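Excluded from the calculations below are hydrogen atoms, water molecules and symmetry mates; all remaining heavy atoms, backbone and side chain alike, are included. Predicted model, so just to flag it, every value in this text is computed and none were measured.
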Amino acid sequence: FAPSRSGIPSFLLGISLLTMGCGQSSTPPQAQSSAKPAAAAPAPAAAKPADVKVTVEEKVGEQAEAKTEEPAGSVRDLSVADPEAQKEPLLAKDEPDEEAPVETPWGRFWFCWTACSFSAGILPGQALFTELFVNAGIFGSMCGDKGNGCKDQYVTMTGIFQTGMSLTLFLMLPIGLLFDRYGAQMVGAGGALICSVGTLLVWGSILGAAAGMDDSTSSLFVVGVLVTDFGSFLNSFAMYGLVWHFPGRQALFLALTTATYQISAFFPIIIEALMKSTGVSLAACLFAWAIMVVFFAWICWKFVPSQLEYYDTAKKVLGMPLPKPPKDFNFCKLIRTAWEVLRLDTKDHVICGVAIAFGLGLPMCYQSFTAPFGKAIFGSEEAGDKLSNIYVWLNAVLGCSAAPFAGHLVDRFGLMKFCYLLAGMLVVAAGTIYFTNWACQVTCMAMLIMWMLLFQLYFFRYLLMYVPPNRFGAAQGVYIALMCTCLAMPIQFVAIGIIGALPQGASAYQLPFLALASIGAVAMVAYAIYFSTHPPPEIPHLIGDDEKDLAKGFGCDTLEEVAYVTRNATRMEILKKLAKQDADSIKDVIKSIDTERMMEMMNKRSVDDIADMMEEAGGDEEEEEAAEEAAPEPVKEEPSKQEPAAETAKADPVKELSDKMIASLAAKDGDAIKNMFMTEPVEDLDKVFIFWEDNLPPKVQKDNEKAFNKLIPGKEFAKMLRERPDLKKLIQNMMKREMDKKIAKFRGKK
């Protein structure tokens, strides 16, 4: 599990999948965390040439009102919070129809990528770092008068690394929840600082060993490794703050993100080369590294998107907001529901877990004992250094070149054939591990490294076939914790104990390695056969309210209704699409929404259902509004200097109601706004919002939206909806118009 820090934060993506459909956008715009389509906020206006006069044309159903021409410049009076609108005609602004496309911030990406690479900690280069720490004298007191490099010293250090790895993986679930709650910027910068503190503790243990106080300071190494590993895993989630900045490039983004772990494997090579060429000590190198990581914590804070930016960018990409995570997590409930999901296929999961646990035996032991194993079988210190260097180089090169693109292999050949590929790698490793031959050992290392990299992908795809998207994060965390603590780690510690108990020599490593390789190969081959004869369920299992939770995101009660709304043949088909964990798949589902069918389903939902959705989102709305800058104070309207027209057009009731609403927004008169919604005809209110959508620039609409949401929060509008059920029609009309725009945008239409 060492390289698994680069796994997708599925806790977050599982939540985001719940907002793909029309249901989250079906909530009125005051419910900020569920949607902002339009119920009280105008949608982006279409761009209009500067030399064309504004024409108001309103439609309700199939009836169209007569066109009314407005004198040039009159529409500028509709702005609540845009002072510029008072200085120049609105039509001269030539605002775009839609939100500007998300720019791909490659420069920002590389800053974050570099920061995460430098903050990856010790695990990526463990094979070579072990040798460096042994030579520095850490746990050297265990060798007595023999000097550094005895087997007991290696065994103890390997046990520390394995313990740190298992504890860190056990904390993957809360790390994902921290990402959801505080965002990539916080966890990225905080993780880098924690990693720096851990590196300083390791540095202190090296100074203690150099001063002959290893007995007293070796405990610093233990704590330092644990802290560094935890900070590394926490920091790795910083990259996923940029996931929505790369729509359409998800495969490339994930490949480059995965590479941060493998690139960091070069650091011990660089440190060793620096020590040999300049004579600088390992302690000095680690101290400099710790200070650099502090600098990269600042880089994370500077360049990693904040949580607010993360959600704003997701909204631009998807056309609708992601829901905010709950402020308080019921951790015990998450564990219980995850366990309930996993128990539905206990036999499959136990067999898979046992096979992977035995399969992990040799890869994890080999990377920890690379240097002493090389010394033992080839008979020299130089051979051990060479073997560990080759391992680190292979880990970096294969991790950056081959592993990130393995997802395409799974898509092309299927998960069952991929399972046989993993089994074949362990068979090759078992056939080459025992030979004292450089070609055999390099081949063995290549197979073990690729297996470590690829089994994570297999495990991720495997679990997607059993667990619904809204349970995926918790289920993955529970499964990893159980597999590590109950299966993989005991196997590792038994192997380490056997190596420590055997007499010094090549057999002390060859025999346990051969046993691990043989058992792992047999277990994986047997599992591959089992998996091919016992395929996973066609769709993930749903428990409790899972189906209702997933369907609610589309304004539906069941997945059959969702399939109807998205024009999918069956509930099985739509659930398979929902189970895909990437932004492009989310957009594909959105494009398939039929808004007419969506309205048909929404008509079946009661007013109370819609009001409940708005109330649930009320808290997140207030939090988001508080985080944003306050809108500028409205500018008092100045009399137009334009001479009145010779003939005054007949008064337009829609324009009059619009002016009245704008004036109330400018005056921050919430009671007046509420009174309009409770007394004015719903058809007229709808016409006002159509007028705004057609004639206001996007920035002005957004400012008006903010002003409205502050005066009439989501919970208050839900109360109004219950008092006046006719408002449901207004909400549906505005939702449909907004969804039509977003879907047309995704389909490349205007």
Side-chain angles (χ1 to χ4, degrees), residues 1-5 7-8 10-11 162-163 165-173 176 334-365 410 415-416 418-427 429-430 448 451-468 471-496 515-537 540-541 543 579:
F1 280 72
S4 64
R5 71 177 224 130
I8 266 194
S10 52
F11 319 97
Q162 300 295 348
T163 301
M165 194 182 306
S166 61
L167 289 178
T168 301
L169 288 169
F170 191 82
L171 295 173
M172 284 299 291
L173 177 56
L334 282 174
I335 300 301
R336 286 197 303 270
T337 55
W339 176 246
E340 186 178 349
V341 172
L342 293 174
R343 286 186 60 191
L344 296 175
D345 298 281
T346 302
K347 182 179 178 181
D348 287 355
H349 297 326
V350 169
I351 293 175
C352 176
V354 169
I356 289 179
F358 279 110
L360 279 169
L362 180 60
M364 293 181 70
C365 267
V410 179
L415 201 60
M416 290 185 183
F418 195 70
C419 184
Y420 277 106
L421 175 64
L422 290 175
M425 289 179 177
L426 286 183
V427 170
L448 297 179
W451 196 92
M452 285 286 287
L453 296 171
L454 297 183
F455 101 88
Q456 300 169 70
L457 175 62
Y458 172 82
F459 177 74
F460 182 82
R461 296 291 184 93
Y462 163 85
L463 212 54
L464 278 176
M465 304 176 79
Y466 288 89
V467 180
R471 306 287 185 190
F472 184 85
Q476 180 180 242
V478 170
Y479 197 179
I480 289 176
L482 289 174
M483 191 164 59
C484 285
T485 56
C486 298
L487 296 171
M489 287 303 106
I491 293 172
Q492 291 298 306
F493 286 118
V494 168
I496 292 171
L516 287 173
S518 301
I519 296 173
V522 170
M524 283 303 299
V525 170
Y527 173 68
I529 296 173
Y530 174 85
F531 187 65
S532 62
T533 56
H534 297 77
H541 295 297
I543 63 172

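In this structure, Tyr479 contributes its side chain and Gly353 its backbone to a donor-acceptor pair below 3.5 Å. Using a distance-only test at 3.5 Å, with no hydrogens or angles considered, a donor-acceptor pair links the side chain of Thr533 to the main chain of Tyr530.
Counting heavy atoms from C-beta on, the side chains of Tyr420 and Ile529 come closer than 4.5 Å. Put simply, the side chain of Val494 does not reach to within 4.5 Å of the side chain of Leu516, judged on heavy atoms. Annotation: side chain of Leu448 is in contact with side chain of Leu362 (closest heavy-atom distance under 4.5 Å). Inter-residue side-chain proximity for Tyr462 and Asp348 is flagged as met; some heavy-atom pair is nearer than 4.5 Å. Side-chain contact between Met425 and Leu454 is present, with heavy atoms from C-beta onward closer than 4.5 Å. The side-chain heavy atoms of Trp451 and Leu360, taken from C-beta on, include a pair separated by under 4.5 Å. Contact check for Met465 versus Leu415: side-chain heavy atoms found under the 4.5 Å cut-off.
The minimum heavy-atom distance linking Gly359 with Leu426 is given by the pair CA-CD1, 3.7 Å. In terms of heavy-atom proximity, Ala355 sits nearest to Ala523 at CB-O, 3.9 Å. Summarising the geometry of Ala528 relative to Cys419, their closest heavy-atom pair is CA-SG, 3.6 Å, with the distance given to 0.1 Å. Taking each heavy atom of Met416 and Pro535 in turn, the nearest pair found is CE-CB, 3.5 Å. A pairwise comparison of heavy atoms in Ala521 and Ala430 identifies CB-CB, 4.5 Å as the closest pair.
Between the CE atom of Met524 and the CD1 atom of Ile519 there is a distance of 14.5 Å, given to the nearest 0.5 Å.
When each of Arg343, His349, Lys347 is paired with Asp345, the side-chain contact (heavy atoms from CB on, under 4.5 Å) condition holds for His349 and for no other.
For Thr337, the side chain to side chain contact (heavy atoms under 4.5 Å, CB included) criterion is met by Lys333, Arg471, not counting sequence neighbours. Residues passing the side chain to side chain contact (heavy atoms under 4.5 Å, CB included) test with Pro537, sequence neighbours excluded: Tyr466, His541. With sequence neighbours excluded, the residues that form a ring pair (Phe, Tyr, Trp, His ring centres under 6.0 Å) with Tyr527 are Phe531.
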Item checked: Ile480/Leu463 under side-chain contact (heavy atoms from CB on, under 4.5 Å): CA gap, chis, key distance, verdict -> CA-CA 11 Å; Ile480 289 176; Leu463 212 54; over 6 Å; no
